[in-house]
**Student:** 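Handing you this structure, nothing more for now.
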Amino acid sequence: MSVKSLSVHNTLSRTKEVFEPLDPAHVRMYVCGPTVYDYAHIGNARPVVVFDVFTRLLRRLYPKVTYVRNITDVEDKINAKAKETGEDISVITGRTTKAYQEDMAAIGALPPDVEPRATDHIKEMIEMIETLIAQGNAYEADGHVLFKVPSMAEYGQLSRHSQDELIAGARVEVAPYKLDACDFVLWKPSDAETPGWDSPWGRGRPGWHIECSAMSKAYLGETFDVHGGGQDLIFPHHENELAQSRCANHKDIMAKYWMHNGYLMSEGEKMSKSLGNFYVVHDLLDEFPGQAIRLTLLQTHYRQPQDFTKDGIAESKRTLDKWYRLVGDVSHTDDDVPGSVIEALCDDLNTPKAIAELHKLASVGTPEAMRALKAGATFIGLMFQSADEWSSWQPAGAADVNEAAIDALIIERTDARKNKDFARSDEIRDELAAQDIVLEDGPDGTTWKRA
């Protein structure tokens, strides 16, 4: 398949464009990673899965790909968590970073090529801020350094907001030291209890936006191919990144293509702890296998809003149960990945169509189709376990199941069926199903397993 057949929707142009990397021999991508102060919720996981699939596709099409996804380990939410818990900030960020990496691996995401931490790049941030000040794009005021938004004529080109929308959407405190309401912080002072670093402007810490500009430049250069993240980052985060990077580096672009995944709802509403629909990946992994969570996220096109539900995860698990039963441990190679799956992904990462192609293969049933099914599913980060590993998965707490009680109910059901008391037989099956216990009737009797 021709590399030129790949197309992506570019937020910058608001159109689907043929993907033509700056250097076809080396594709470079930066995706905004987590702020590590707590477990990642399912909304954090969506861009991880989306850009993991995109990276797999790029590696299929190009000889070299560098994928950078950062860790934000200095930010006011982290500072607030430290004050709330009394823990040292390094303890919080170390623990939550490890949990994030483990949880993302559990949903089938490969690690990025580089995972830089903001605290390791303070020097680069200070240098970029100094450059912006020297050329008139930033200024120091009351211990802060701010980017001078009016100094960049094209500010707003990514979000396409009006001036009033930019001010309203910035969600920042109107400060008397600002020259313009839209100006945003590059550096801010730190008190004795807040993390800080020495700088030409006193002890302080970086603003959020400058972190990604410095880290992307450090590992991908002044310009690169793809900048990705959630739709919520378009403004102000990505707009501000683009402005400060272009000005500091004297470039017409920061990234050639900007890709953003859509918002994620939960059980039909915005995620909220008060509504009981705020799903943390770490907790979901106690109830469902990671592959089922991943398949659920891929069922909706990445640019569309998605309503994420537990019923949807359960349905994804049933799909994977079926596929694993069909393919067993069939061997396959990269050449077995169906062209139709690659073609779907090359059309702006159309994962729902790719999954539809896998369903078609599952209905064919031939050995060739089973190899293609396994290869295609593996290509998008599914079915990477053996059939035995998959079937032996159990939710947390499964070891506490009262096996004697289940066996007693199975005996009672068997007797009910012998006595043609099918109502009681069905009642027992439903009772066990409510506990996620599935009965399987065979010539040697009835066995059970976890759903």
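Treat the numbers as computed from the prediction; the structure is a model and nothing was measured.
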**Student:** Under 4.0 Å between a Lys/Arg side-chain N and an Asp/Glu carboxylate O for Asp348 and Arg303?
**Tutor:** yes

**Student:** Can a donor-acceptor pair be found, under 3.5 Å and without considering hydrogens, that links the side chain of Arg246 to the backbone of Asp252?
**Tutor:** yes

**Student:** How about Asp113 and Val68: do any of their side-chain heavy atoms sit closer than 4.5 Å?
**Tutor:**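 Not in contact.
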
**Student:** State yes or no: are the ring centers of Phe278 and His41 separated by less than 6.0 Å?
**Tutor:**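 Yes - the distance between ring centres of Phe278 and His41 falls below the 6.0 Å cut-off.
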
**Student:** For the pair Arg56 and Asp52, find out whether any cationic side-chain nitrogen is under 4.0 Å from an anionic carboxylate oxygen.
**Tutor:**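 Looking at Arg56 and Asp52, the cut-off is met.
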
**Student:** Which atom pair, heavy atoms only, marks the closest approach of Leu242 to Leu158?
**Tutor:**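 Closest approach of Leu242 to Leu158: CD1-CB, 4.3 Å.
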
**Student:** Got a sec, which pairs hit side-chain hydrogen bond (donor to acceptor under 3.5 Å, both in side chains) with one end in residues 209-218, sequence neighbours left out?
**Tutor:**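 Found His209-His237, His209-Asn240, Ser213-Gln244, Ser213-Ser245, Lys217-Asn249.
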
**Student:** Should Arg413 and Glu427 be marked as a salt bridge (charged side-chain N to carboxylate O under 4.0 Å, His left out) after you check the CA-CA gap, both sets of side-chain angles, and the distance that decides it?
**Tutor:** CA-CA 9 Å; Arg413 177 175 173 271; Glu427 190 177 77; over 6 Å; no

**Student:** Test of understanding: with side-chain hydrogen bond (donor to acceptor under 3.5 Å, both in side chains), list the residues that count as partners of Glu102, not counting sequence neighbours.
**Tutor:**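 Glu102: side-chain hydrogen bond (donor to acceptor under 3.5 Å, both in side chains) contacts with Lys98.
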
**Student:** Any cation-pi pair here, Arg60 with Phe379, using under 6.0 Å and within 45°?
**Tutor:**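 Relative to the ring axis of Phe379, which defines the angle, Arg60 lies inside both limits.
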
**Student:** Can you check whether Ser266's main-chain N or O pairs, donor with acceptor, with Asn277's side chain at less than 3.5 Å?
**Tutor:** yes

**Student:** When the aromatic ring centroids of Trp323 and His359 are compared, is their separation below 6.0 Å?
**Tutor:**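 Yes; His359 has its ring centre under 6.0 Å from that of Trp323.
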
